[in-house]
Amino acid sequence: MRRVYLNAHEVGRFGWFAHVLRVDFLLLLLLGTVVSLGLVVLWSASGQDPDMMRRQLIRLSLSIFVLMVVARIPPSLMRHFAGYLFWGTALLLVAVLVVGDVGKGAQRWLDLGVIRFQPSEFAKLTVPIAVAAYISKMPTPPSIMRSASAVAIALVPAVLIVKQPDLGTAILVAVSGLAVVFMSGLTWWAIGAVIVALASAAPLYFKYVMHDYQRQRVLTLFEPSSDPLGSSYHIIQSKIAVGSGGLYGKGYLQGTQSQLQFLPERHTDFIFAVIGEELGLIVGILLLMLYLAIIIRCLVIAASSQDSFSRLLAGALTVSFFVYVFVNIGMVIGVLPVVGVPLPLISYGGTSMVSLAIAFGMIMSIANDKQVVQRRD
Amino acid sequence: MARKPRRDIFFEKNLFVYRAIQVAVMMVICFGALAARLVYVQQVEHHKYVTESERNRIRVRASEPVRGRIFDATGAVVAENQHSYQLVLSPSEIDDLDDTIERLGNLIEIKERDIQRFIKLRRVASAFDAIPLRGNLTDEEIARLAVVNHKFPGVDITDTYDRYYPLGSTYAHIVGYIGRINDRELEANKGAWYSSSAYIGKTGLERFYERQLRGTPGIARQEVNASGKTVRILEETKPIPGRDFYLTIDHRAQDKAIAVLGKETGALVAVDPRDGAVLAMASTPVFDSNLFLGGISVADYRRLADDPERPLYDRTVLGQYPPGSTIKPHIVLQALAKNVVPSGYSINCPGYYMLPDVDHRYRDWAKWGHGRVNLTDSIEQSCDVMFYDLAFNMGIDRLSAGLKEFGLGEKTGIDQIGERSGLVPTRDWKQSRRGQKWFPGETIITGIGQGYMMATPLQLAYSTALIASRGKTPRPHLQAGYRDNLTGVYRPFTPEPHAYEIKASKSQWDMVEKAMFRVTAGGRGTARKVFAENAYRIAGKTGTAQVFSIAQDSVYNADAIDRKLRDHALFVAYAPIEDPQIAVSVLIEHGGSGGSVAAPIAKRFLDYYLLELQPLQQQEREAQQ
């Protein structure tokens with residue numbers, strides 16, 4: 001694929017900006033809006049802690065840089081290295097199980113002396129790349145056999161992560177891979193069959209494979225008041241925060257649940273509850289719409305791409321992004337079990353933000369690539 | 001390796017677009033579901049969660065007021081508060097509680113008992129309560145703790161008031177004691193703002209006047225954070241101190257009452273017939289109520305609880321005994337008042353009584369009988385046969401109604417915890433309690449205060465006071481008045497009048513009084529030996545109450561039977577007859593004869609009260625003016 005640059009007048013009003021930086025302006029604008037809202041909310045959720053804000057801003061700058069860099073990596077290159085990335089990730093995950101650090105009862109961290117990181121975070125990105133590369137070798141829709149092999153590729157790292165144990169991340173990694181298969185146009189009856197199989201396996205999984213604390217989390221969802229100071233404390237406090245916010249919220253920095261620290265994990269996984277409490281239903285719905293706009297924009301980018309790998313990758317990353325948002329907010333308002341998923345673009349924390357920067361960087365790279373092809377036609 | 005198939009780019013792209021649209025629709029539906037849930041939580045359930053968030057945020061703290069003190073009739077302190085310092089721990093702020101307690105134990109003395117109590121209190125305490133570990137810190141201990149204060153987060157020294165009973169056992173039964181509130185009391189006093197480590201009156205007046213003694217706690221509505229730290233105070237009211245109470249009893253009289261009872265197990269109650277003021281109310285053996293402060297030790301408690309003489313038991317209001325012959329004057333009065341017999345009525349006493357057509361012999365205490373006796377003689381000599389006869393003639397309905405008018409069978413209404421009502425049997429009572437009809441023989445033995453009949457020593461003293469006052473003595477009471485500590489105003493207590501009117505003529509009253517005088521001064525009076533040459537004229541009545549029934553015609557030998565089966569010795573009296581100042585009842589459990597055991601005790605008390613204490617009190621009053 002030959003690289004051809006566009007002239008300024010051909011790419012619209014801010015086109016020169018997007019053209020030079022290789023970013024999708026509309027997507028960047030939407031992301032910027034959500035991130036800005038996130039910083040405002042974090043100031044409140046952190047209890048007005050300037051240190052925390054500084055760290056988050058540093059991460060944000062780093063993430064923007066990462067996004068810019070990744071946006072310049074052509075999709076073809078990613079596709080070329082898909083295999084290496086996948087096996088590299090698998091190796092790291094094995095390493096974690098063998099020599100990993102234990103934190104909070106689970107072996108998730110790999111300490112290289114200089115940096116300490118969770119290889120499972122990598123998997124969320126490398127698995128969709130690998131599966132997309134695998135499926136796009138053949139025409140879509142893939143055959144049943146090929147789909148099955150693709151699912152297997154996604155499940156290998158997921159199983160390794162379950163062993164850590166980190167069920168939440170494992171599911172997300174699996175989802176990121178399965179999303180590719182799903183986007184590849186697998187027939188609905190096959191998807192239906194898999195869903196039925198999973199649904200029937202879930203109770204067995206719940207009974208025989210899950211750890212006690214995982215089971216507890218699922219149980220709390222159905223009976224939150226059963227254990228008000230244990231695992232259901234999070235859900236109860238979070239629902240109180242959101243519910244007491246009402247239509248307009250208690251006012252910025254005025255949330256009693258958040259400011260008086262009744263709400264646990266308020267700057268990380270439960271930050272949406274701070275939004276619900278202080279800014280109310282209107283801002284909550286507005287945020288959902290912003291997320292939806294980002295998702296639609298990404299799907300449009302994916303659909304506009306001319307090459308199968310790019311489409312599948314962009315589509316799968318979008319589905320993953322959706323799943324994060326859905327799982328996080330669903331957890332905060334008490335419709336899904338408590339799993340450690342941060343709210344994308346808003347929650348405090350480095351790993352999540354950098355991962356997102358890489359993902360959106362890849363989507364932007366795909367957006368750039370599309371334009372080149374358009375030009376050639 | 002399969003041959004690479006030809007790819008249809010447009011088909012694949014359309015396939016993806018189609019799938020992307022499906023996915024987008026699903027996502028919109030999912031977000032719609034989240035939005036619907038948000039609307040539900042934030043709109044429909046909004047108020048519920050607002051309430052819950054307020055409950056999280058606002059904690060109401062009550063501060064205990066200073067408890068009212070108790071003084072006796074002379075102003076001597078009976079119950080007071082001693083300011084002291086206590087060591088309190090806030091477990092929510094302490095990481096390693098065991099370690100902290102151990103380190104504190106190296107600095108000051110912490111007994112195993114303190115730790116046990118702390119653990120017990122902690123179980124019932126709220127999450128952020130400070131729990132006392134040790135009370136009564138000495139100045140040296142405070143100094144030692146102050147130096148290392150910074151090493152003990154969550155450990156504080158706070159002011160407190162410890163209850164103290166300077167007169168120890170003198171008022172132990174009357175005043176009672178306070179103790180840590182228990183679960184049941186917490187539950188019963190919901191809304192009264194007792195903390196889980198608060199003190200509450202457990203027995204006696206401390207419990208009876210708990211609400212007034214305690215005062216009104218101060219309430220602070222505080223905004224707190226999740227770790228229980230107070231962020232700000234939203235509103236606050238100051239505690240209102242409790243009332244000081246004054247007793248009707250002079251501690252010297254009370255001490256004397258305990259002293260005259262001596263080693264006997266029994267009770268002495270003295271009431272002023274003029275106003276119903278209790279002048280002494282002793283139950284022996286006694287105990288020291290200070291033992292209960294700060295939690296009684298298991299050993300001390302066992303010793304008191306397992307004592308067969310039951311020192312914790314206040315016999316004056318809780319003990320119910322057959323009144324025996326002490327109610328004979330009351331029966332004579334009612335027989336006259338209700339026109340059952342004429343005042344000149346007399347019978348021949350052969351030593352036993354028989355109902356018409358029944359074989360059973362009701363024995364008199366004097367085996368050979370009293371010969372011919374009139375009503376006055378029958379009180380003086382305590383002739384049982386006369387009273388069998390009177391009871392038979394009155395019938396149980398008039399008999400029990402007459403006794404009830406003397407406050408028997410009902411609570412006197414004294415300001416004391418747990419007063420028992422005693423028992424005056426009636427047909428209805430027997431039918432409802434025993435499911436049996438009343439038998440005539442039961443009427444007969446009621447006439448000598450036996451059978452089902454029961455009375456407390458307080459009731460006996462009060463019913464005697466009613467004779468002295470011709471039925472006018474108000475209800476007995478321990479409170480002389482109280483002082484409001486906020487205003488400093490003293491309010492004297494106004495006793496309620498006696499609930500019944502006893503319709504008897506002066507001559508009928510006088511006749512009973514004369515008979516009672518002859519009990520102590522007559523030639524055949526049952527207490528004549530005790531009151532020979534008495535300095536004041538005294539009206540009395542002895543009583544010897546059977547604890548178990550003696551088989552027909554068997555020989556009664558007091559020494560041969562177990563002490564626990566021996567008769568209760570009773571004596572009631574009032575004096576001086578011309579102007580009654582005091583009515584007294586004495587009960588000695590298993591003491592034997594009332595005339596020889598209970599009467600001398602009553603005499604010693606009355607001698608002291610009338611000949612020593614009253615003149616002394618008079619001097620004191622004059623000196624004050």
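Since the model is a prediction, treat every value here as computed from it, not as a measurement. Throughout, protein chains are lettered first and strands after them, A, B, ... in sequence-line order, and every chain is numbered starting at 1.
- Put simply, the side chain of A:V319 reaches to within 4.5 Å of the side chain of B:M27, judged on heavy atoms.
- Side-chain atoms of B:R19 come within 3.5 Å of backbone N or O of A:F182 as a donor-acceptor pair.
- In terms of heavy-atom pairs under 4.5 angstrom with chain B, the leader among A:G315, A:G280, A:P264, A:A241 is A:G280.
- Looking at B:E54, there are no atoms closer than 4.5 Å to chain A (heavy atoms on both sides), in backbone or side chain.
- Counted within 6.0 Å of CD on B:E102, heavy atoms from surrounding residues, nucleotides or ligands total 12 or fewer; the atom is thus considered open.
- Distance check: A:M183 CE to B:Q22 CD gives 9.0 Å after rounding to the nearest 0.5 Å.
- In terms of heavy-atom pairs under 4.5 angstrom with chain A, the leader among B:D8, B:I21, B:V39, B:I9 is B:V39.
- Distance check: B:R37 CZ to A:K239 NZ gives 5.0 Å after rounding to the nearest 0.5 Å.
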Original post:
Is there a side-chain contact (heavy atoms from CB on, under 4.5 Å) between A:F322 and B:V23 once you walk through the steps?
Top reply: CA-CA 10 Å; A:F322 162 80; B:V23 165; over 6 Å; no
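- When the shell of 6.0 Å around CH2 of A:W189 is examined, it contains 12 or fewer heavy atoms from other residues, nucleotides or ligands.
- Of the atoms belonging to A:P141, heavy atoms from both backbone and side chain fall under 4.5 Å from chain B.
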**OP:** Take B:N56 and A:I240 through the test side-chain contact (heavy atoms from CB on, under 4.5 Å) and record every step on the way to the result.
**Re:** CA-CA 9 Å; B:N56 264 347; A:I240 292 174; 4.0 Å; yes
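- Contact record, B:Q43 with A:L281: CG-CD2, 3.9 Å, taken as the closest heavy-atom pair.
- With rounding to the nearest 0.5 Å, the separation of CG in A:L260 from OG in B:S53 is 9.5 Å.
- In terms of heavy atoms, B:A24 sits closest to A:I296 at CB-CD1, 4.3 Å.
- Scanning both residues, A:P139 and B:E12, for their nearest heavy atoms gives CA-OE2, 3.1 Å.
- Contacts with chain A were tallied for B:V17, B:N14, B:L15; B:L15 has the most, counting heavy-atom pairs under 4.5 Å.
- Counting heavy-atom neighbours within 6.0 Å of B:N106 CG, excluding the residue itself, gives a total above 12.
- Annotation: side chain of A:L247 is not in contact with side chain of B:Q42 (no heavy-atom distance under 4.5 Å).
- Smallest separation of non-hydrogen atoms from B:H46 and A:G243: ND1-O, 2.7 Å.
- Interface summary for chain B: among A:Q257, A:K250, A:M289, A:R311, the most heavy-atom pairs under 4.5 angstrom belong to A:R311.
- Across B:V224, B:V41, B:N225, B:V231, the residue that shares the most heavy-atom pairs under 4.5 angstrom with chain A is B:N225.
- Residues A:V325 and B:F31 are in side-chain contact: their nearest non-hydrogen atoms beyond the backbone lie under 4.5 Å apart.
- Residue B:R211 qualifies as open at atom CZ: its count of foreign heavy atoms under 6.0 Å is 12 or below.
- Contacts with chain A were tallied for B:F11, B:F16, B:Y40, B:F10; B:F16 has the most, counting heavy-atom pairs under 4.5 Å.
- Under the 4.5 Å side-chain criterion, counting only non-hydrogen atoms from C-beta, A:I333 is in contact with B:L34.
- No side-chain heavy atom of B:E52 sits less than 4.5 Å from a side-chain heavy atom of A:S244.
- With a threshold of 4.5 angstrom between heavy atoms, A:F272 approaches chain B through side-chain atoms but not through N, CA, C or O.
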